[in-house]
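We name chains A, B, ... by the order of the sequence lines, and we start the count at 1 in each one.
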Protein chains: 4
Amino acid sequence: MNKKESIRNHAIKVIAREGFYRAKVKDIAEEAGIAAGTVYLYFSSKEDILDYIFLVEHQRRADFVNRLYIKNTPIDIVIESFIKFNYDCFREEPETANVLYRELITVSSLKNQKSKSVMGEVYKSFYKILKQEKENGKIREDIDIEVMSPLIINFLRNSSYNILAQYKSVDYEHMKENLKRLVLHGIMK
Amino acid sequence: MNKKESIRNHAIKVIAREGFYRAKVKDIAEEAGIAAGTVYLYFSSKEDILDYIFLVEHQRRADFVNRLYIKNTPIDIVIESFIKFNYDCFREEPETANVLYRELITVSSLKNQKSKSVMGEVYKSFYKILKQEKENGKIREDIDIEVMSPLIINFLRNSSYNILAQYKSVDYEHMKENLKRLVLHGIMK
Amino acid sequence: MNKKESIRNHAIKVIAREGFYRAKVKDIAEEAGIAAGTVYLYFSSKEDILDYIFLVEHQRRADFVNRLYIKNTPIDIVIESFIKFNYDCFREEPETANVLYRELITVSSLKNQKSKSVMGEVYKSFYKILKQEKENGKIREDIDIEVMSPLIINFLRNSSYNILAQYKSVDYEHMKENLKRLVLHGIMK
Amino acid sequence: MNKKESIRNHAIKVIAREGFYRAKVKDIAEEAGIAAGTVYLYFSSKEDILDYIFLVEHQRRADFVNRLYIKNTPIDIVIESFIKFNYDCFREEPETANVLYRELITVSSLKNQKSKSVMGEVYKSFYKILKQEKENGKIREDIDIEVMSPLIINFLRNSSYNILAQYKSVDYEHMKENLKRLVLHGIMK
DNA sequence: GATGAATGAGCGTTCATTCAT
DNA sequence: GATGAATGAACGCTCATTCAT
């Protein structure tokens, strides 16, 4: 078993529960069934663990959106898929959602250059999809896709999280449908 | 001079610069030109300062949206005004924007009940505006306004922050216009 | 009304409740219905208040024992009276008893020279009584009264406190009688 | 080398010198040749150290008196031995004596339940010895041993401390003899 | 004399990180 | 590689004392 991945996974649990600053390296280690010192064989610092969590999650999104782009997926399917992707991620691993949503901003001031640049890839791929569709005449002319693409991506990810975090018993399909409609009507002709 | 307000203002500066957990009470006091102990004459703890910052800002938004509701403002003007309001707030006090955006989530897990309930008022007023306009036949039937109103409010606030934080030299009017269009097309007939 | 005495009396209450180090000057002042700063018009420091409390109480005991000495009171009556005196003091003002018993030792390391010297007077008077009675042939020859007089005085005072503190519903007369007997049989022929 | 015991021993020194509230954890650690943080690997708080000091000392006395009881030791030997035991303890470790005598009361208001219950054992064993001897007809009928046993135990311990603390150059054997005589004459037929 | 807001030294405790084993 | 005891810098908070009003 890969120990670095094990630490990442258990760190997500602890950080989701306590928040990054309250989370103790000792607790993460304990949760992972190793000694505190061992963590430092795989990560240079506590912050480094968080960076790595972001990196992996951003990479997953970058890969996902990039794959949609390569396959020439039409914009309505892209929006729908990305909503579904985030929903599924967050429902399957609620702790990861928590960490992504809560700590992302706090740490954006940190030095996680690598994680940042990967997030940039997500924006870029989504932008390319929008550009293609604008050329196809599907997107309204008065929408500046360069400016809006990161805002929309963030909106979709945050809303997915918000819905799952706020509403306990609700028709999720209904909400996903609403979210998709709002964005599609917002940008399409 | 109101010392509690002075502490709030200088705390915003320090917390914006360092983040809440890195910000030292001593630094906040120093920035405000008082002794560290004096802070505790006005706040019961460091966390209490943050709560108060949120409370004041949320109250401003609650008042703003509520006033629009009372005046029966049409939805397109509401969206436009709220975008402008956030823009202006964030441009005038970028540090406040930083704190609101970065720390809001981190601390949402804390016990800031008062601040939370005030934020709830924002949602409620905005929901009432949307409800009115739906009855007026301006909102598309397939939009569930109960679900979407908090998502839209957050979208507008976060996007305002994102744009100001990301783009240094840009045509802000153009971006505000884009944001408004996306949301209006997204929800209106 | 004498403000210094008022502070002394209310300080006794607070110190009895919290212990000297936990007792706050502010609480003492509040209890006495004055401002914290006012305390420092009558006492030079928090410790100074405690010194004064001791001084007053020791003086009362010194006066009491000295009066017995002057009146040529026989030893059995002295013992009995001193037990009764302590009992009555402690029953009437249990807080004072608490402070005397608990803080006396802690602070014996402090610089309360005046209070100490007054306590010395108690020992001296009691010693003179014992000496008189030894010359009268009432005290056993093998008792070194110089050594034993302070021990006995402390024993009587501490035991009074202990009994009142430990036993809630008990025949106090029976216990006082026991205490008196033990000491009298211990020292008399 | 047992580090917990080392901390206990050095804490006794510092607390004896400064008093509990003046003693700094840092000083205790420094005295013990370790870092301040290390103290918290063995004790949960500063107060916890004091509790442990009491526990150990009370246990020693409890064991001592209990052993005398088991061996059916006659009362005069018990008194003599207990005086000697306290003398020796206090002469060998004057700091321990100081702490026991000075802080015992201050902290008796704290939550040191364990330490308290151990002290109760001392009273109980001594009471059983007295009861035995009363049945043997050695103790005067008019002495209520249930009431007097804790008072006597405290008297012996406190007096040992007082003598050692007050008198620098004195015939200690003479004083111990005096103390023993007083108590024995006080209670025996 | 009386106030009480302001001070700031001081301290208990935490916890990321190290390193000898 | 793995451990976990030890470290010690760091920080939130307290409260005796002062002093301008």
Remember a base hit wins even if backbone is also touched, and classify A/Ala29 as base, sugar-phosphate or nothing at under 4.0 Å, heavy atoms.
nothing
Positive for side-chain contact (heavy atoms from CB on, under 4.5 Å) with C/Ile15, one of C/Asn98, C/Thr96, C/Asp27, C/Val99
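Filter result, single survivor: C/Val99.
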Nearest-nucleotide comparison on DNA chain F, the residue closer to the 5′ end among C/Val25 and B/Val25:
B/Val25
Under 3.5 Å, which N/O atoms of the protein pair with N/O atoms of nucleotides 6-10 of chain E?
from  : atom 1 : to      : atom 2 : distance (Å)
E/dA6 : OP1    : B/Lys3  : NZ     : 2.5
E/dA6 : OP2    : B/Tyr42 : OH     : 2.4
E/dT7 : OP2    : B/Ala35 : N      : 2.9
E/dT7 : OP2    : B/Thr38 : OG1    : 2.4
E/dG8 : N7     : B/Gly37 : N      : 3.4

For D/Phe20, is there any backbone N or O sitting under 3.5 Å from a side-chain donor or acceptor partner on D/Lys46?
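Looks like yes, one N/O pair under 3.5 Å.
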Does A/Lys4 offer a backbone N or O that forms a donor-acceptor pair with the side chain of A/Arg8 under 3.5 Å?
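Side chain of A/Arg8 to backbone of A/Lys4, a donor-acceptor pair under 3.5 Å: no, none is there.
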Separation of [X] atom [atom1] from [N] atom [atom2], in whole Å?
X: A/Tyr40; N: F/dT3; atom1: OH; atom2: P; result: 15 Å
X: C/Tyr21; N: E/dG12; atom1: OH; atom2: P; result: 13 Å
X: A/Ile28; N: E/dT17; atom1: CD1; atom2: C1'; result: 14 Å
X: C/Phe43; N: F/dT18; atom1: CZ; atom2: P; result: 16 Å
X: D/Glu30; N: E/dG12; atom1: CD; atom2: P; result: 13 Å
X: C/Lys4; N: E/dA2; atom1: NZ; atom2: P; result: 14 Å
X: B/Glu18; N: F/dC11; atom1: CD; atom2: C1'; result: 14 Å
X: C/Asp48; N: F/dT17; atom1: CG; atom2: C1'; result: 14 Å

Do B/Glu93 and B/Arg60 meet the salt-bridge criterion of a basic N to acidic O distance under 4.0 Å?
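Answer for the salt bridge query: yes.
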Should the pair C/Arg157-C/Glu57 be classified as a salt bridge under the 4.0 Å nitrogen-to-oxygen rule?
no
Distance check, rounded to the nearest 0.5 Å: C/Lys3 atom NZ versus C/Tyr42 atom OH?
5.0 Å
Does some side-chain heavy atom of C/Phe54 sit less than 4.5 Å from a side-chain heavy atom of C/Val118?
no
Using both distances under 3.5 Å as the test, list the Watson-Crick or G-U wobble partner of E/dT18, or none.
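The base-pairing partner of E/dT18, which may sit in any strand shown, is F/dA5.
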Identify the nucleotide, in any strand shown, that forms a Watson-Crick or G-U wobble pair with E/dG10, with both distances under 3.5 Å; if there is none, say none.
F/dC13
